[in-house]
Amino acid sequence: MSSLKTYLTERRQDKDCLIMTHVVCGYPSFEDNWKELEIMQQFDVDMVELQFPFSEPSADGPLFVKANQAAIDSGVTVADCFEFMQKVTAHFSFKVIMMGYYNTVFKTGQEIFLQKLADAGAAGFILPDLPVDEAQELYQIGTQLDLAPIVLMTPTNTDERLAKLAESADGFIYTVARRGVTGSQTEMDNEVATFVGRCRQATDLPLAVGFGVSEKKDIDFIAKHADIAVIGTAALRAWEEGKEAALNAFFKKLLA
Amino acid sequence: MSSLKTYLTERRQDKDCLIMTHVVCGYPSFEDNWKELEIMQQFDVDMVELQFPFSEPSADGPLFVKANQAAIDSGVTVADCFEFMQKVTAHFSFKVIMMGYYNTVFKTGQEIFLQKLADAGAAGFILPDLPVDEAQELYQIGTQLDLAPIVLMTPTNTDERLAKLAESADGFIYTVARRGVTGSQTEMDNEVATFVGRCRQATDLPLAVGFGVSEKKDIDFIAKHADIAVIGTAALRAWEEGKEAALNAFFKKLLA
Amino acid sequence: MNLFDFTDGREGYYGEYGGTFLPEILHTTIEELKLEFRKAKEDPAFWQEFLQLMQSYSGRPTPVSYLENLSKKLGGAQIYVKREDLNHTGSHKINNVMGQGLLVKRMGKTRIIAETGAGQHGYATATMGARFGFDTKIYMGAHDVARQRPNVFWMENMGAEVVAVTDGQQTLKDAINECLRDWVTNMDNTHYVLGTACGPHPFPEMVSWFQSIIGKEARQQMLDNAGGLPDRIFACVGGGSNAMGLFQGFLDDEAVELVGCEAGGLGEGKGNHASRLAYKDASVGVAQGMKTYFLQNDDGNMLETHSVAAGLDYIGVNPVLVHLWEKERVRFEAVTDDEVTEALKMAMLTEGIIPALESAHGFAQAIKEAATMKPSERVLINMSGRGDKDIFTIADALGDEHWKRFIAQKADEYKAEKEG
Amino acid sequence: MNLFDFTDGREGYYGEYGGTFLPEILHTTIEELKLEFRKAKEDPAFWQEFLQLMQSYSGRPTPVSYLENLSKKLGGAQIYVKREDLNHTGSHKINNVMGQGLLVKRMGKTRIIAETGAGQHGYATATMGARFGFDTKIYMGAHDVARQRPNVFWMENMGAEVVAVTDGQQTLKDAINECLRDWVTNMDNTHYVLGTACGPHPFPEMVSWFQSIIGKEARQQMLDNAGGLPDRIFACVGGGSNAMGLFQGFLDDEAVELVGCEAGGLGEGKGNHASRLAYKDASVGVAQGMKTYFLQNDDGNMLETHSVAAGLDYIGVNPVLVHLWEKERVRFEAVTDDEVTEALKMAMLTEGIIPALESAHGFAQAIKEAATMKPSERVLINMSGRGDKDIFTIADALGDEHWKRFIAQKADEYKAEKEG
Ligand SMILES: Cc1ncc(COP(=O)(O)O)c(C=O)c1O
Ligand SMILES: Cc1ncc(COP(=O)(O)O)c(C=O)c1O
């Protein structure tokens with residue numbers, strides 16, 4: 001069992017709903033990232049995904065696509081991301097998860113990449129374009145380095161498939177509350193509840209619910225049905241609209 | 001035998017070389033035509049072709065094509081051409097030949113057209129797109145009205161074909177000194193002499209030589225080998241370049 | 001019915017239409033052509049050679065496609081389409097042109113000339129010239145050169161010289177006149193590749209013969225794949241070559257009704273259209289080498305014509321078709337520009353095919369009639385060409401605003417490039 | 001050699017290349033597709049239905065043409081060309097698209113999406129969508145939309161919605177990403193019609209299978225009409241579909257050398273070209289659903305690519321071809337833009353055919369090699385598409401000044417029309 005799972009399980013005992021936020025490394029800049037993280041820390045978030053920018057972010061929605069592209073265009077490298085992650089884990093208390101696309105890992109070399117991740121203090125990694133069927137070797141290396149391989153469960157999965165996904169997973173499960181890419185709006189309704197219920201059947205890992213969380217009532221819903229709310233696009237949109245002030249206001253309202 | 005043939009045979013006894021000129025009815029205008037004809041009369045030409053403008057003058061060269069089109073565009077009708085011809089034959093002493101395309105005749109009706117031609121005082125007609133094989137009925141009507149059907153002989157014809165052409169012909173023979181359309185340049189050389197000789201073998205009608213006559217030496221050549229020089233494009237070009245003065249000068253030089 | 005058996009009548013005449021009205025200087029040339037053509041027509045090996053060439057170079061046989069969606073939508077007759085658009089160069093014109101190419105080779109000539117209006121025939125001829133290694137000159141009305149630059153572009157790239165004819169209306173008929181002028185000068189080494197089943201005998205017969213490959217294939221394909229002959233067949237009629245090509249396959253099938261579809265343009269009235277038979281604005285005349293119906297005035301001078309489809313925008317029509325029309329074997333209908341663009345849109349949307357604007361005339365008439373027929377009946381349309389090469393014309397016909405903006409932007413790019 | 005027998009290895013892998021790298025949410029969808037495809041592939045009636053559709057709608061079999069003039073001119077090997085340009089819509093893309101259409105029908109889906117770069121695949125997909133009555137959306141990089149308005153025009157007229165993708169480089173790869181995003185949202189009723197033999201398994205296998213119709217026909221045609229198998233065969237390689245299509249027909253003929261021709265663009269050096277294997281600027285990566293060679297930097301981010309031929313201007317390549325290349329069964333060569341335009345000109349001038357700029361890569365390489373071969377040898381080129389639809393691109397590639405003037409004049413006309 002990964003130390004991430006332990007960490008989350010413990011935190012969950014004190015909190016109705018854990019929070020995972022998201023930052024695209026180097027977008028708008030590493031300085032901005034740092035300021036965002038400081039605010040997230042203030043609001044006591046439990047985990048942050050640091051996304052390594054990739055030129056083909058095919059599982060991301062428009063805002064993150066733009067962020068990925070802008071970061072690359074401004075010269076952000078994989079090395080920069082590791083360096084930043086190192087600083088972040090040294091300074092903040094939340095756990096850091098690497099998020100990105102498999103080619104970034106593959107191109108660096110699986111072992112080297114994960115070793116660097118571990119060295120930079122990450123607690124796990126999420127690679128949405130890497131299905132578990134292709135991931136076994138990588139997950140094994142991760143497990144040895146205490147890096148939790150975060151697996152996604154989706155409403156289209158059969159129960160058999162959910163069981164198989166659960167087998168490979170560690171840390172927590174990222175349940176995709178609806179079809180579509182990041183930033184799509186989701187009504188937190190019965191259908192989601194049913195789906196999260198199916199995931200709960202399949203695993204005893206903490207369940208994160210993602211895609212489209214933006215209001216207090218989403219948090220309340222997740223608190224009732226799952227463990228972790230994933231705040232992605234909504235936070236970035238707030239930052240773009242008004243930097244510190246807007247992001248602060250966003251979290252204040254969300255976590256009121 | 002047509003009276004045209006008689007006329008030409010007689011004139012030929014007094015002159016080395018007879019002259020046939022050409023006017024496109026209504027181009028540039030009937031007034032201009034009249035002035036041209038007055039000059040031609042001064043130079044004692046023996047025949048004039050009055051071309052009835054047609055929209056598809058496919059056997060004409062660029063200058064006459066333009067003239068045909070301009071005449072039609074300015075509203076010249078077949079009726080105008082007959083009226084003009086009537087005035088010309090009443091006033092001038094040269095013989096007048098209708099020149100044009102078969103559709104003008106066909107569309108008016110063969111008999112009606114030829115009757116009008118006869119009434120307007122024409123001595124014959126030249127329809128370069130009407131092969132003799134398609135012309136028998138028309139030629140018969142013409143003969144009855146003493147309108148000579150002018151037939152073309154060309155260098156590509158076999159001796160057999162020349163004989164057949166001779167059978168249908170009356171008035172004179174229009175020998176086409178070279179391939180091509182009106183206005184093409186021809187070197188009056190041995191080849192032409194040989195061709196005219198072949199025509200001479202085929203018929204005892206006067207022989208006109210056409211296409212490209214523009215200089216005194218052409219006339220000398222024709223005087224030696226045939227009977228009638230056809231002056232077409234060169235005269236129109238002179239008129240276009242300088243009206244009366246230029247046309248006068250042209251004939252003066254040509255017939256010196 | 002053998003239309004081309006002249007033993008009981010004048011050679012080259014169909015009823016009172018046809019004939020050979022050419023300057024005497026071409027007499028020998030046309031006789032030679034008649035002879036060479038007659039020999040070729042009687043030589044089964046020649047047709048074999050032609051077939052083989054069309055198969056390996058142009059992809060024949062072209063298929064007959066069943067338009068299930070359109071048939072269902074209209075709820076009437078079952079609609080089939082003969083796909084001449086799938087030929088190399090994109091229209092039926094290539095059939096005639098390659099056939100004439102083989103004849104030229106037999107005659108030992110080395111230079112070819114051709115007229116073109118829309119550019120389809122010029123494009124096909126330039127192709128044939130490249131393939132046979134002939135020296136090629138294409139005459140095209142200056143107006144058409146300006147309008148149809150894409151086709152000129154391809155012709156030139158295939159090594160043809162394209163001459164802009166500035167006489168007359170500067171369109172197709174003037175290009176034909178210019179070809180005749182070239183021919184009377186260069187007949188020794190030059191063959192005039194006439195583009196449609198018009199002009200002096202033997203062209204109407206010859207072009208019809210090469211195009212008969214369409215109807216021969218189509219008849220067999222209907223029997224093999226559609227379960228029987230069509231009840232009516234539709235072809236657009238410019239000069240008449242694709243219609244003759246299709247109709248010949250079904251002439252002896254008396255139950256098959258043959259429908260020629262002319263350019264109705266803006267509707268009846270002289271100058272508004274290019275319909276010689278369906279409307280009553282044309283009369284018999286003799287021009288461009290043949291006796292047939294022409295759109296002409298009382299003096300026998302030709303009228304301006306109009307059609308959205310450049311390839312149908314012509315003053316005359318194949319004399320055989322006139323003869324068959326008088327004998328009530330072929331029915332003629334005119335289709336207006338508006339009906340044509342509607343039919344084009346429907347073909348694209350429901351079946352994913354893009355008929356040339358010419359061919360869309362056949363579609364429009366067939367659509368009109370099929371809707372009133374029984375589902376057990378069949379109609380066959382000749383899709384004489386594809387429209388995708390004529391994007392400028394079609395975009396104009398459909399009034400596409402995006403297209404206009406694209407052209408404006410391209411023009412700006414080129415300008416910037418030049419100045420930059 | 002059965003490349004697609006996975007009993008001894010991982011399904012969807014060719015050596016170490018291939019695989020299914022897709023978000024988990026598509027797992028069920030892709031499994032369903034695999035299953036449906038497997039059933040179809042094992043059902044002889046399906047292939048029959050496919051053949052029948054391609055015959056009646058697209059004019060298959062396409063012929064093999066012998067290029068006598070070009071062969072003589074070069075004085076080396078005899079040159080044959082497989083004429084995929086004669087397909088409906090003008091390229092081999094239709095083979096794949098119609099095949100997928102039949103699968104979509106079997107799966108009971110009603111909506112299709114597709115990416116397109118040059119527009120050929122989008123054009124073919126819009127056609128298929130119209131023919132099958134699907135709701136069709138085409139994603140196209142905004143840059144490509146601006147450049148390729150003609151294709152957009154036809155797609156829209158065939159009822160497809162064309163979406164300009166403004167992400168990334170705004171070209172093909174970004175359109176693919178956008179398709180994946182649409183698919184993860186609408187997989188219930190939507191099939192993603194991938195346009196080349198790339199992407200996650202089963203696409204490389206599936207597209208290759210539909211395209212294998214090219215090689216099957218070509219092999220038989222060479223035996224029947226050319227007197228024997230070719231010594232070398234040439235195909236351009238963008239994603240790899242036309243090359244896979246042709247090569248499969250000859251894989252077991254060990255004496256036949258298979259040559260893949262990539263876009264050499266301006267020559268070697270990252271960013272100058274789109275050659276994944278012939279030049280040494282690419283490396284193995286995982287993107288767009290598959291593991292294969294990509295033009296990428298050390299961080300695994302994709303490079304800009306360049307080619308005169310939009311259809312070859314792609315970062316990745318079919319994994320089967322990479323495997324065959326490693327096994328030295330396929331040789332890869334890169335052809336520069338300049339060589340391509342020269343080959344295009346030569347094909348037009350000497351044979352009257354207009355290869356698409358993509359296909360002209362195959363011509364260029366074949367011309368180079370044929371000249372050094374013996375007259376008793378044969379080469380076969382895959383003419384994957386025709387160039388006449390891409391007049392803007394070709395006129396630009398050839399720098400035609402007349403064309404630029406024509407466009408300027410057209411722009412003026414449209415302006416006057418608006419103001420008038
Ligand atoms: C596609 C197409 N169809 C039809 C025609 C009309 O000619 P015809 O009546 O000779 O078939 C043309 C002429 O250019 C054409 O290009
Ligand atoms: C005519 C043509 N040939 C080749 C290609 C390259 O694709 P592929 O390698 O999949 O055949 C394209 C792609 O658009 C194309 O349009």
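Every chain is numbered from 1, with letters handed out A, B, ... down the list of sequences.
- Annotation: maximal heavy-atom pairing with chain C below 4.5 Å, among I354(D), L67(D), V152(D), L70(D), occurs at I354(D).
- In terms of heavy-atom pairs under 4.5 angstrom with chain C, the leader among A347(D), G159(D), G59(D), A160(D) is G59(D).
- The minimum heavy-atom distance between M348(C) and A130(D), with the atom names listed, is O-CB, 3.6 Å.
- For the options I394(C), L86(C), V81(C), heavy-atom pairs under 4.5 Å to chain D are most numerous at L86(C).
- In terms of heavy-atom pairs under 4.5 Å with chain C, the best-connected choice from G90(D), G129(D), A408(D), A395(D) is A395(D).
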Enumerate, by atom name, each donor-acceptor pair separated by under 3.5 Å where one atom lies in chain C and the other in chain D.
{"unit_1": "S56(C)", "atom_1": "O", "unit_2": "S65(D)", "atom_2": "OG", "d": "2.5"}
{"unit_1": "Y57(C)", "atom_1": "O", "unit_2": "R83(D)", "atom_2": "NH1", "d": "2.8"}
{"unit_1": "Y57(C)", "atom_1": "OH", "unit_2": "E351(D)", "atom_2": "O", "d": "2.5"}
{"unit_1": "Y57(C)", "atom_1": "OH", "unit_2": "G352(D)", "atom_2": "O", "d": "3.2"}
{"unit_1": "S65(C)", "atom_1": "OG", "unit_2": "S56(D)", "atom_2": "O", "d": "2.5"}
{"unit_1": "Y66(C)", "atom_1": "O", "unit_2": "R131(D)", "atom_2": "NH1", "d": "3.2"}
{"unit_1": "Y66(C)", "atom_1": "O", "unit_2": "R131(D)", "atom_2": "NH2", "d": "3.1"}
{"unit_1": "N69(C)", "atom_1": "ND2", "unit_2": "R131(D)", "atom_2": "O", "d": "2.8"}
{"unit_1": "R83(C)", "atom_1": "NH1", "unit_2": "Y57(D)", "atom_2": "O", "d": "2.8"}
{"unit_1": "R83(C)", "atom_1": "NH2", "unit_2": "H88(D)", "atom_2": "ND1", "d": "2.9"}
{"unit_1": "H88(C)", "atom_1": "ND1", "unit_2": "R83(D)", "atom_2": "NH2", "d": "2.9"}
{"unit_1": "H88(C)", "atom_1": "NE2", "unit_2": "G352(D)", "atom_2": "O", "d": "2.9"}
{"unit_1": "Y123(C)", "atom_1": "OH", "unit_2": "D388(D)", "atom_2": "OD2", "d": "3.3"}
{"unit_1": "R131(C)", "atom_1": "O", "unit_2": "N69(D)", "atom_2": "ND2", "d": "2.8"}
{"unit_1": "R131(C)", "atom_1": "NH1", "unit_2": "Y66(D)", "atom_2": "O", "d": "3.2"}
{"unit_1": "R131(C)", "atom_1": "NH1", "unit_2": "E351(D)", "atom_2": "OE1", "d": "3.0"}
{"unit_1": "R131(C)", "atom_1": "NH2", "unit_2": "Y66(D)", "atom_2": "O", "d": "3.1"}
{"unit_1": "E351(C)", "atom_1": "O", "unit_2": "Y57(D)", "atom_2": "OH", "d": "2.5"}
{"unit_1": "E351(C)", "atom_1": "OE1", "unit_2": "R131(D)", "atom_2": "NH1", "d": "2.9"}
{"unit_1": "G352(C)", "atom_1": "O", "unit_2": "Y57(D)", "atom_2": "OH", "d": "3.1"}
{"unit_1": "G352(C)", "atom_1": "O", "unit_2": "H88(D)", "atom_2": "NE2", "d": "2.8"}
{"unit_1": "R386(C)", "atom_1": "NH1", "unit_2": "D388(D)", "atom_2": "OD2", "d": "3.1"}
{"unit_1": "R386(C)", "atom_1": "NH2", "unit_2": "D388(D)", "atom_2": "OD2", "d": "3.2"}
{"unit_1": "D388(C)", "atom_1": "OD2", "unit_2": "Y123(D)", "atom_2": "OH", "d": "3.3"}
{"unit_1": "D388(C)", "atom_1": "OD2", "unit_2": "R386(D)", "atom_2": "NH1", "d": "3.1"}
{"unit_1": "D388(C)", "atom_1": "OD2", "unit_2": "R386(D)", "atom_2": "NH2", "d": "3.2"}
{"unit_1": "D396(C)", "atom_1": "OD1", "unit_2": "Y414(D)", "atom_2": "OH", "d": "2.4"}
{"unit_1": "D396(C)", "atom_1": "OD2", "unit_2": "K410(D)", "atom_2": "NZ", "d": "2.8"}
{"unit_1": "W403(C)", "atom_1": "NE1", "unit_2": "Y414(D)", "atom_2": "OH", "d": "3.4"}
{"unit_1": "K404(C)", "atom_1": "NZ", "unit_2": "E417(D)", "atom_2": "OE2", "d": "2.7"}
{"unit_1": "K410(C)", "atom_1": "NZ", "unit_2": "D396(D)", "atom_2": "OD2", "d": "2.9"}
{"unit_1": "Y414(C)", "atom_1": "OH", "unit_2": "D396(D)", "atom_2": "OD1", "d": "2.4"}
{"unit_1": "Y414(C)", "atom_1": "OH", "unit_2": "W403(D)", "atom_2": "NE1", "d": "3.4"}
{"unit_1": "E417(C)", "atom_1": "OE1", "unit_2": "K404(D)", "atom_2": "NZ", "d": "2.7"}

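- Between F406(C) and V145(D) there is no side-chain heavy-atom pair separated by less than 4.5 Å.
- Both the backbone and the side chain of A146(C) come within contact range of chain D, each with at least one heavy atom under 4.5 Å from a heavy atom of that chain.
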